[in-house]
Amino acid sequence: MICPSCGFVNIPGADECAKCVFSLSSLDRPEGHDIVETSVLTDLVSTLNPRYPVTIPVDATLGEAQQCLLDQGVGALMVVNTSGELVGILTERDFLRKVIGLHADYAQLPLREFMTSEPVTISPNDILATVLHKMDVGAYRHLPVVEAGKPV
């Protein structure tokens with residue numbers, strides 16, 4: 001990246017010029033070519049009005065989790081401790097990959113053995129492009145929205 005102030009050639013993505021310390025951060029910001037791209041690059045998660053999180057206690061069973069998924073019509077449960085802090089996530093995919101066909105009588109098994117501990121999370125203040133990147137790189141269908149360690 002060429003510094004517009006002094007003409008020094010900096011490494012791509014540099015925040016400031018290595019020669020004159022001119023801020024380059026605004027020059028490296030991508031711009032959307034249409035309304036959708038602009039929205040992805042500028043809008044925050046909070047603008048989507050995310051659904052209230054469906055939580056389940058970490059000491060629940062797989063049977064209770066399965067019933068909660070069905071009753072609430074969701075594809076993921078936020079697993080929380082007694083303080084309401086996120087400790088894991090249990091998804092339909094977890095059931096398909098870790099439970100179904102592998103455990104005949106799974107209803108009484110502890111959820112904590114099958115959940116994904118310490119899941120990747122996002123904040124209501126994250127930009128949509130960041131969220132989409134995390135989902136793409138991690139092959140996630142669900143990302144918990146968390147503030148101060150608690151699902152929101």
Side-chain angles (χ1 to χ4, degrees), residues 1-60 62 64-100 111-152:
M1 176 175 296
I2 299 172
C3 177
S5 178
C6 71
F8 184 77
V9 179
N10 293 275
I11 61 170
D15 289 332
E16 61 184 32
C17 178
K19 183 176 179 185
C20 71
V21 196
F22 181 82
S23 176
L24 302 173
S25 59
S26 64
L27 303 176
D28 199 26
R29 177 174 273 144
E31 293 184 18
H33 295 94
D34 59 31
I35 192 168
V36 174
E37 285 183 8
T38 301
S39 173
V40 168
L41 293 169
T42 59
D43 288 351
L44 305 177
V45 170
S46 59
T47 63
L48 298 176
N49 296 320
R51 164 181 199 168
Y52 192 78
V54 179
T55 62
I56 191 163
V58 70
D59 60 355
L62 284 178
E64 292 168 326
Q66 180 182 31
Q67 193 59 52
C68 188
L69 284 168
L70 293 170
D71 290 347
Q72 297 295 320
V74 295
L77 299 173
M78 304 303 106
V79 183
V80 295
N81 62 19
T82 55
S83 302
E85 297 167 328
L86 184 73
V87 294
I89 184 171
L90 184 75
T91 67
E92 295 168 319
R93 189 180 290 179
D94 290 327
F95 268 98
L96 290 172
R97 291 187 173 174
K98 302 174 186 176
V99 180
I100 306 300
L111 168 152
R112 77 172 62 233
E113 292 180 17
F114 300 91
M115 71 179 190
T116 300
S117 297
E118 300 178 20
V120 172
T121 63
I122 57 175
S123 156
N125 298 317
D126 281 341
I127 295 172
L128 296 179
T130 302
V131 175
L132 291 172
H133 177 72
K134 285 183 179 184
M135 293 179 80
D136 184 42
V137 169
Y140 305 127
R141 290 182 58 225
H142 306 278
L143 284 178
V145 182
V146 175
E147 272 188 318
K150 296 182 180 184
V152 293

### Query
Given side chains that start at C-beta, do those of Leu24 and Asp15 come closer than 4.5 Å, heavy atoms only?
no
### Query
Given side chains that start at C-beta, do those of Cys3 and Lys19 come closer than 4.5 Å, heavy atoms only?
no
### Summary
Ala76 and Met78 have their tightest heavy-atom pair at CB-CE, 4.1 Å
Kindly list each side-chain donor-acceptor pair under 3.5 angstrom involving residues 111-122, sequence neighbours excluded, with atom names and distances?
none

### Message
Take a 6.0 Å sphere around CG of Leu96 and say whether it holds more than 12 heavy atoms from other residues, nucleotides or ligands.
### Response
yes
### Query
Between atom CD1 of Ile89 and atom CD1 of Ile56, what is the distance when rounded to the nearest 0.5 Å?
12.5 Å
### Query
Looking only at heavy atoms, what is the nearest atom pair of Leu77 and Val74, with distance?
CD2-CG2, 4.1 Å
### Query
Checking side chain to side chain contact (heavy atoms under 4.5 Å, CB included) against Lys134, which of Thr130, Val131, Leu132 comes through?
Thr130
#### Entry: Side-chain heavy atoms of Asn10 within contact of Glu16, under 4.5 Å
no
### Message
Within this structure, what is the CZ-SG distance for the pair Phe22 and Cys17, rounded to the nearest 0.5 Å?
### Response
9.0 Å
### Task
Looking only at non-hydrogen atoms, find the nearest pair between Gly73 and Arg51 and report the distance.
O-NH1, 3.9 Å
### Query
With respect to Val58, which candidate in Leu90, Val87, Leu86 satisfies the side chain to side chain contact (heavy atoms under 4.5 Å, CB included) definition?
Val87
### Task
Taking the side chain as every heavy atom from C-beta outward, state whether Val45 and Pro50 have any pair of such atoms under 4.5 Å apart.
yes
### Query
If you measure from CZ on Arg97 to CD on Glu92, what distance do you get to the nearest 0.5 Å?
12.5 Å
## Note on the structure
Smallest heavy-atom separation, Gly75 atom then Leu69 atom, equals C-CD2, 3.8 Å
### Query
Quick one: OG on Ser46 to CG on Leu128, what's the gap to the nearest 0.5 Å?
8.5 Å
#### Entry: CE-CZ distance between Met135 and Arg141, expressed to the nearest 0.5 angstrom
8.5 Å
### Message
Filter on side chain to side chain donor-acceptor pair (under 3.5 Å), then keep only pairs touching residues 80-91, sequence neighbours left out; what's left?
### Response
Asn81-Glu85, Thr91-Asp94
### Task
Using atom types as modelled and distance alone, determine if a side-chain donor or acceptor of Asp43 lies under 3.5 Å from a backbone N or O of Leu41.
no
### Query
Which of these, Val54, Val79, Val80, sits in a side chain to side chain contact (heavy atoms under 4.5 Å, CB included) with Pro151?
Val80
#### Entry: Reported CG-to-CG distance for the pair Leu44 and Asp126, which is rounded to 0.5 angstrom
8.5 Å
### Query
If only atom types and distance count, is the side chain of Glu37 paired as donor or acceptor with the main-chain N or O of His33 below 3.5 Å?
yes
